[in-house]
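Worksheet: the structure to be examined is printed underneath.
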Amino acid sequence: MTENAWTRWPSREALGREGASRARRLLTLAVRLLVIAMLLWGAYHQKHVGLWSGFAALAGVLAAAALGWAFFRTTYEHRLVPSLALIGALLAIAVAAEGTGFRGLSLVLWCGCGITALERMPLAAATPVTSVGLAAYSAYNNDVWLTTAASVVGMALAGYVLRLDAEARGNAQQLLAQERAARAAEAESAALAERARIAREIHDVLAHSLSAQLVHLEAARLLIENGADRDRILERVVAARGMARDGLAETRQALSALRGELTPLEDFLSELVSGTAGAEVTVTGERRLLSAEASQAVRRVAQEALTNVRKHAQGAKVQLRLDYSEREVTLGVRDSGGQAGELAGAGGGYGLLGMRERAELLGGSLDAGPDEEGFVVTLKVPV
């Protein structure tokens, strides 16, 4: 529901000093001090001013200044009744000043009340106050009626312009606060996303490395149970140690990738299949620069697919095909089928599921299943 413009207060940002430049605040303070000084000067230069009337004039000026300060506080806090009471007291001081011959003080107070009420109060309350103040100024001002009318219209416009200027400044402060909050939320969201990304990378690296180590250690256990010779057992243990070393290297590489220090994807795939007999890599299409997340997804899927080949299709030929297109990059890992090893059931079986979730987070897809000869894993991620 839209708030009525006649009953709406100017925002606290509009009524406060925040957002105003230092020069503007100094200028405002100088104008207020100048007005007080002029009032005192005008009061003490009246010919009939004596000692006691001078003290009364000083007390009136100081009381008006104190009431004005209190009025600024209550309007800032959007307290209507105290604000009306305070501005009523200021108008009463103006009437008393006029009645005792201090016309300069009374005229300034009437004009000031009219302009300030229009600037700082709801229009429904400010309009009567401004009307009373400017009407009193018109009644007691000695200028010709045309000059007085022009002055009244000018002061009313000045009060409204000051209101519009304050509201514009307040809106700017609100927008700035909203922008700062949005930036803080965006930074927090980015930090959370980065933490999740790091956790996902480390999880995938460790899951792949530990799964491969488990394959070799389980093989070593079976060899020991079957009474195999020492060399075969040692071969498996050395392989597990190598997988642990490779896992540590992959962890460092993942952290480097998070910092944008990625090796070319094609080189990575070539190194990945270099230790697998019968595996080869084919790259088609125009090579494109991938994001760190997309590049990491391709690398992890390739690693997981080769690990599954070693576990489920020993001796199979493997074809890795990396295809760049205009909108996506496709990785296909196809094996020719082979004999399932004794460790076909080793591991938790969550590797491809994790890769599929990673692909979906990037807006891509992962399909895995048997074909006519062996098993095919196909990853598609947008570029």
Side-chain angles (χ1 to χ4, degrees), residues 9-10 15-17 25 27-143 147-149 151-163 166:
W9 283 87
L15 297 177
R17 295 185 300 174
R25 291 197 297 267
L27 179 61
T28 302
L29 178 60
V31 169
R32 291 173 182 171
L33 293 176
L34 180 61
V35 169
I36 293 175
M38 291 177 63
L39 291 175
L40 291 173
W41 182 85
Y44 280 102
H45 280 73
Q46 298 284 344
K47 292 183 179 180
H48 62 279
V49 173
L51 179 62
W52 294 109
S53 59
F55 279 119
L58 176 60
V61 172
L62 295 179
L67 291 172
W69 178 85
F71 174 77
F72 271 68
R73 295 302 305 171
T74 56
T75 52
Y76 177 77
E77 296 170 359
H78 293 175
R79 299 167 61 192
L80 182 60
V81 174
S83 299
L84 289 174
L86 289 169
I87 204 164
L90 286 170
L91 292 174
I93 291 177
V95 172
E98 176 64 29
T100 54
F102 295 103
R103 174 161 294 183
L105 175 60
S106 62
L107 294 179
V108 170
L109 286 177
W110 280 324
C111 296
C113 288
I115 295 173
T116 306
L118 200 58
E119 177 189 2
R120 301 183 64 86
M121 297 178 66
L123 290 177
T127 302
V129 173
T130 301
S131 300
V132 170
L134 297 183
Y137 168 82
S138 302
Y140 289 98
N141 189 27
N142 293 327
D143 291 332
T147 302
T148 302
S151 299
V152 168
V153 172
M155 286 185 286
L157 289 176
Y160 192 69
V161 168
L162 288 174
R163 181 189 187 91

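Count residues from 1 along the sequence.
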Exercise. Given Y160 and L157, is the side-chain contact (heavy atoms from CB on, under 4.5 Å) satisfied, shown in steps?
Worked result: CA-CA 5 Å; Y160 192 69; L157 289 176; 5.6 Å; no
- Message: Going by the rule side chain to side chain donor-acceptor pair (under 3.5 Å), which residues pair with R79 if we only count those two or more places apart in sequence or in a different chain?
- Response: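 R79 satisfies side chain to side chain donor-acceptor pair (under 3.5 Å) with E77 once adjacent residues are dropped.
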Nearest heavy atoms of [X] and [Y], plus distance in Å:
{"X": "L90", "Y": "C113", "answer": "CB-SG, 3.6 Å"}
{"X": "E119", "Y": "R163", "answer": "O-CG, 3.7 Å"}
{"X": "R120", "Y": "T75", "answer": "NE-OG1, 2.9 Å"}

Going by atom type alone, with no hydrogens or angles, which donor-acceptor pairs under 3.5 Å involve a side-chain atom of residues 133-140 and a protein atom two or more places apart or on another chain?
from: Y137; atom 1: OH; to: N141; atom 2: ND2; distance (Å): 3.2
from: S138; atom 1: OG; to: L134; atom 2: O; distance (Å): 2.8

*Which residues pass the side-chain contact (heavy atoms from CB on, under 4.5 Å) test with V129, sequence neighbours left out?*
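Only L84, I87, A117 meet the side-chain contact (heavy atoms from CB on, under 4.5 Å) criterion with V129.
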Mind checking side-chain contact (heavy atoms from CB on, under 4.5 Å) for L86 and listing every partner two or more places apart, or none if nothing turns up?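 By the side-chain contact (heavy atoms from CB on, under 4.5 Å) rule, L86 matches L67, A70, F71, T74.
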Practice prompt. Name all pairs fulfilling the salt bridge (Lys or Arg N to Asp or Glu O under 4.0 Å) condition that reach into residues 128-138, sequence neighbours left out, sorted by first residue then second.
Written response: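 As it turns out, there is no salt bridge (Lys or Arg N to Asp or Glu O under 4.0 Å) pair with a partner in residues 128-138 once direct neighbours are skipped.
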inquiry  = With salt bridge (Lys or Arg N to Asp or Glu O under 4.0 Å) as the rule and sequence neighbours excluded, what pairs involving residues 83-92 come up?
reply    =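 Every candidate salt bridge (Lys or Arg N to Asp or Glu O under 4.0 Å) pair involving residues 83-92 fails, so no pair, neighbours aside, qualifies.
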To the nearest 0.5 angstrom, please state how far the CD1 atom of I93 sits from the CD atom of E98.
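Rounded to the nearest 0.5 Å, the CD1-CD separation comes to 14.5 Å.
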- Task: Starting from the C-alpha separation in whole Å, work towards a yes-or-no answer on side-chain contact (heavy atoms from CB on, under 4.5 Å) for L80 and M121.
- Result: CA-CA 8 Å; L80 182 60; M121 297 178 66; 4.0 Å; yes
Tell me, with the steps shown, if L118 and M155 meet side-chain contact (heavy atoms from CB on, under 4.5 Å).
-> CA-CA 10 Å; L118 200 58; M155 286 185 286; over 6 Å; no
